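In this text, all values refer to a predicted model and were calculated from it rather than measured experimentally.
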Amino acid sequence: MKIVEANGLGLRTRRGWVYRDVDLSAEAGELHAVTGPPGSGRTSLLLALAGRFPHSHGELHRRGPAALGQVAGVHEPDPTLTVAEHIQERLLLLGPVPRRRRQLVPVAAVRARRAYRRDAFAAAIAGAGFTDAPLDPDRYGRDLTPVERQVLGLVLASLSGPNLIVADDVDAGADAPERAWIWAALSRLADQGYAVVTSARAVEPGATAITHRIGDPTLPGPALVAPRAATEADLTPEVTA
């Protein structure tokens, strides 16, 4: 089942192109990785695919809800909460899965949301398929390593039972063993039936991700600009006739 499809997707602001001419189609159970040089618009593209950022060109179709994993500066752990408290808070906010939606939510997510009063951490980790995760339930958000932030973000994203999970810069700050682990974990997450779209500097050799490279400097056209803090006017997409 096709979950998200982008055809000729682009974002052009008053300062130029953020990304352009992106074609990406992700089905349930697939892992996709968007790569490209710094400033190629990877973060903005992921947020657009999840419905959290505008696009100005092309077409975008998404089936069902999307959830964000770790996206620096946009969706990050609370520094004052422990890992276990993050999970407990998310489960309390989500509440139990309504009976009418149980056929639409992965069984693991349903079980985790039923177990939040007993052992939320263990249920959530198991539900995401991350029982070997390098994650301490008592560690505060401010003390998490880059990889631990990614793991927590993916676990929290899975709890709502979305069709699409996106996570940004999954290899940032990771050494070789950590990169191998995170790509294997992302594959396991996709194997549960989620469409998973990530961004990375590069895809680890042997990873089963479908790779999309954007922002190739050899392509003709205006220079790409990096996502940045901007005024509302700057981020207003150009309107074409």
Non-hydrogen side-chain atoms of [X] and [Y] separated by less than 4.5 Å:
| X | Y | result |
| --- | --- | --- |
| F121 | D138 | no |
| V197 | L45 | no |
| T35 | T211 | yes |
| I125 | V155 | yes |

Is a side-chain donor or acceptor of [X] paired with a backbone partner of [Y] at a separation under 3.5 angstrom?
| X | Y | answer |
| --- | --- | --- |
| R42 | A200 | yes |
| S25 | E5 | no |
| R20 | G10 | no |
| D171 | R201 | yes |
| Q70 | L152 | no |
| R52 | L47 | no |
| N163 | P65 | no |
| Q192 | L189 | no |

Cluster overlap [X] with [Y], hydrophobic side-chain contacts below 4.5 Å:
| X | Y | answer |
| --- | --- | --- |
| L93 | L156 | no |
| V71 | L60 | yes |
| V34 | I210 | no |
| L81 | V151 | no |

Parallel, tilted or perpendicular, as decided by the 30° and 60° cut-offs, for the rings of W17 and H57: tilted
Rounded distance [0.5 Å steps], [atom1] in [X] versus [atom2] in [Y]:
| X | Y | atom1 | atom2 | answer |
| --- | --- | --- | --- | --- |
| L49 | I3 | CG | CD1 | 13.0 Å |
| L92 | I87 | CG | CD1 | 12.0 Å |
| L144 | L135 | CG | CG | 7.0 Å |
| H86 | R139 | NE2 | CZ | 13.0 Å |

Qualifying residues under salt bridge (charged side-chain N to carboxylate O under 4.0 Å, His left out), relative to R188, sequence neighbours excluded: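 Per chain and number, R188 pairs via salt bridge (charged side-chain N to carboxylate O under 4.0 Å, His left out) with D132.
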Looking only at heavy atoms, which two atoms of [X] and [Y] are closest? And how far apart?
| X | Y | result |
| --- | --- | --- |
| G173 | E178 | O-OE1, 4.0 Å |
| Y19 | A48 | OH-CB, 3.5 Å |
| A157 | I165 | CB-CG2, 4.0 Å |
| Q150 | A167 | OE1-CB, 3.9 Å |
| H212 | D23 | ND1-O, 3.8 Å |
| G215 | S40 | CA-CB, 3.9 Å |

Residue pairs involving residues 124-176 (criterion ring pair (Phe, Tyr, Trp, His ring centres under 6.0 Å); sequence neighbours excluded):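 Passing the test, one end in residues 124-176: F130-W181.
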From CA spacing to verdict: side chain to side chain contact (heavy atoms under 4.5 Å, CB included), I182, L154: CA-CA 10 Å; I182 195 70; L154 293 169; 4.3 Å; yes
Verdict with supporting geometry, E85 and T80, side chain to side chain contact (heavy atoms under 4.5 Å, CB included): CA-CA 9 Å; E85 288 169 344; T80 65; over 6 Å; no
Test log, rule side chain to side chain contact (heavy atoms under 4.5 Å, CB included), inputs L11 and F53: CA-CA 10 Å; L11 173 61; F53 207 69; 3.4 Å; yes
L68 vs L46, side chain to side chain contact (heavy atoms under 4.5 Å, CB included): CA-CA, chis, key distance, verdict: CA-CA 9 Å; L68 297 182; L46 288 189; over 6 Å; no
Other residues, nucleotides, ligands: >12 heavy atoms within 6.0 Å of R63 CZ: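 Counting neighbours around CZ of R63, 12 or fewer heavy atoms of other residues, nucleotides or ligands fall under 6.0 Å, so no.
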